[in-house]
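Keep in mind the model is a prediction, meaning the values are calculated, not measured. Counting convention: from 1, in listed order, for ligands and their atoms alike. Note: hydrogens, waters and symmetry copies are ignored here, and every other heavy atom, side chains too, is used.
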Amino acid sequence: MPPAHLYLLTLTLLCPGVLGENDRPIIGIITQEVSDDVFLQYGKTYIADSYVKFLESAGSRVVPIRLNLSEDEYFHLFHSINGVLLPGGAVNILSSSFARTAGIFYRLAIEAASSGIYFPVWGTCLGLQLLTVLTSEMDLLSSTSAENISLPLILTDEVSSSKMLGNAPLKLLQAVSQENITANFHHFGITPKAFLGNKKLSTFYRILSTNHDQNGVEFVSTIEARDYPIYAVQWHPEVNRFQWRSDLAFPHSANAIWISQYLANFFVNEARKNPNHFSNPKEEESSLIYNWPVTYTANISSYEQAYFFD
Ligand SMILES: *[C@@H]1O[C@H](CO)[C@@H](O)[C@H](O)[C@H]1NC(C)=O
Ligand SMILES: *[C@@H]1O[C@H](CO)[C@@H](O)[C@H](O)[C@H]1NC(C)=O
Ligand SMILES: *[C@@H]1O[C@H](CO)[C@@H](O)[C@H](O)[C@H]1NC(C)=O
Ligand SMILES: *[C@@H]1O[C@H](CO)[C@@H](O)[C@H](O)[C@H]1NC(C)=O
């Protein structure tokens, strides 16, 4: 038996993240089929820059997860990165390649948890909707029209014991529940009735907030899994800091910036608990999103910039 400090040193070198936190987290963002003709001239799939900046702002680097790779390639990538983000957008949540790829990472994250590996997953807007499909294996969405409207969250009693918001400063929770600082851009959602009426969903997640759409229909707006590091929002925290179209309701107040940064820090800190890494520096370098050019898209979309693939 070597002296304890040597043993610890060896362990730390072999598996950073087991004893200490992973200070070089890398999070995958799933690319999505372009659903807008003006984007097609640039590529078949894309990632909006606001999701990339959201993660980078909290100290993570980003790897694009391309569509239509083999299960083996996704398995290898899963074991190289520290978390995954399912962005918003506009593709079919049952039949798109985006949905298929997200499903592979979701199932790998659940499997990993049973061997003690912490692999966080974040869903925004369509990402939340897709997570409800992956967990319930049903499409329980209905029409909830909240397009271009910023709302205060109606927080539930689950917030105080949640991982996502349980440690948030009281002033931040007051702001997010009183001010119009959560941006909504969706036509579909899941009602609390449908959510709680589905046993798979209600046992897997807890609801941290709800909202009412423009017709008064209630929808689930923030969720977190009870036993897994899986989190999702129907609203868009990334737009508060990274989208600027003046004809759209993007909140930019100091408190709007605060909740956006708070959630980015929260999720990236979750990814620090995962010890995965690429097999060598070359593979890591060539996988990072820095290898792709960023395209100016503010004149053709609500995103300032976007990355295009394939
Ligand atoms: C993925 O595969 C589908 C089915 O073969 C195909 O229609 C689609 O164009 C492919 N997408 C990309 C980005 O290659
Ligand atoms: C939030 O927006 C609604 C309209 O969408 C408005 O009636 C309300 O006064 C706003 N609340 C605050 C605190 O600005
Ligand atoms: C979006 O909402 C903002 C603020 O309410 C409003 O000024 C703007 O006209 C709306 N834009 C569209 C495209 O509906
Ligand atoms: C948008 O801006 C880019 C870069 O300035 C330019 O090349 C492109 O032609 C513009 N597109 C439209 C539709 O205005």
For [atom], is some protein heavy-atom partner under 4.0 Å away?
{"atom": "atom 2 (O) of ligand 4", "result": "yes"}
{"atom": "atom 14 (O) of ligand 1", "result": "yes"}
{"atom": "atom 9 (O) of ligand 4", "result": "no"}

- Item | side chain to side chain contact (heavy atoms under 4.5 Å, CB included), paired with Leu165, selected from Leu172, Val176, Leu173 |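 The option that passes is Leu173.
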Distance-only donor-acceptor check, side chains [X] and [Y], under 3.5 Å:
{"X": "Glu284", "Y": "His277", "result": "no"}
{"X": "Tyr106", "Y": "Thr135", "result": "yes"}
{"X": "Ser57", "Y": "Arg241", "result": "yes"}
{"X": "Arg245", "Y": "Ser301", "result": "no"}
{"X": "Ser80", "Y": "Asn276", "result": "no"}
{"X": "Asn211", "Y": "Ser221", "result": "yes"}

Closest approach of any protein heavy atom to [atom], naming residue and atom:
{"atom": "atom 6 (C) of ligand 3", "result": "Asn148 ND2, 4.2 Å"}
{"atom": "atom 12 (C) of ligand 4", "result": "Asn299 ND2, 3.4 Å"}
{"atom": "atom 4 (C) of ligand 3", "result": "Ala249 CB, 4.1 Å"}
{"atom": "atom 5 (O) of ligand 1", "result": "Asn68 ND2, 4.7 Å"}

- Message: Need the ligand 1 atom indices (1-based, order shown) with element for anything under 4.0 Å from a heavy-atom of Thr45.
- Response: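 What qualifies from ligand 1 is 13 (C).
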- Task: Run the numbers for me: atoms of ligand 1, each under 4.0 Å from some heavy atom of Ser97, listed by number.
- Result: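 Counting atoms of ligand 1 from 1, those under 4.0 Å from Ser97 are 1 (C).
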- Item | Ring center gap for Tyr205 and Tyr231 short of 6.0 angstrom |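 They do not qualify: ring centres at least 6.0 Å apart.
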- Query: Heavy-atom contacts under 4.0 Å between Asp247 and ligand 3: side chain, backbone, both, or neither?
  - Reply: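 For Asp247, only backbone atoms sit under 4.0 Å from ligand 3.
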- Taking only heavy atoms of Tyr296 into account, list the atoms of ligand 4 that are under 4.0 Å away from them.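 The list of qualifying atoms is 2 (O), 4 (C).
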- Query: At under 4.0 Å between heavy atoms, which part of Ile300 makes contact with ligand 4: side chain, backbone, both or neither?
  - Reply: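 It is the side chain that touches ligand 4; the backbone stays farther off.
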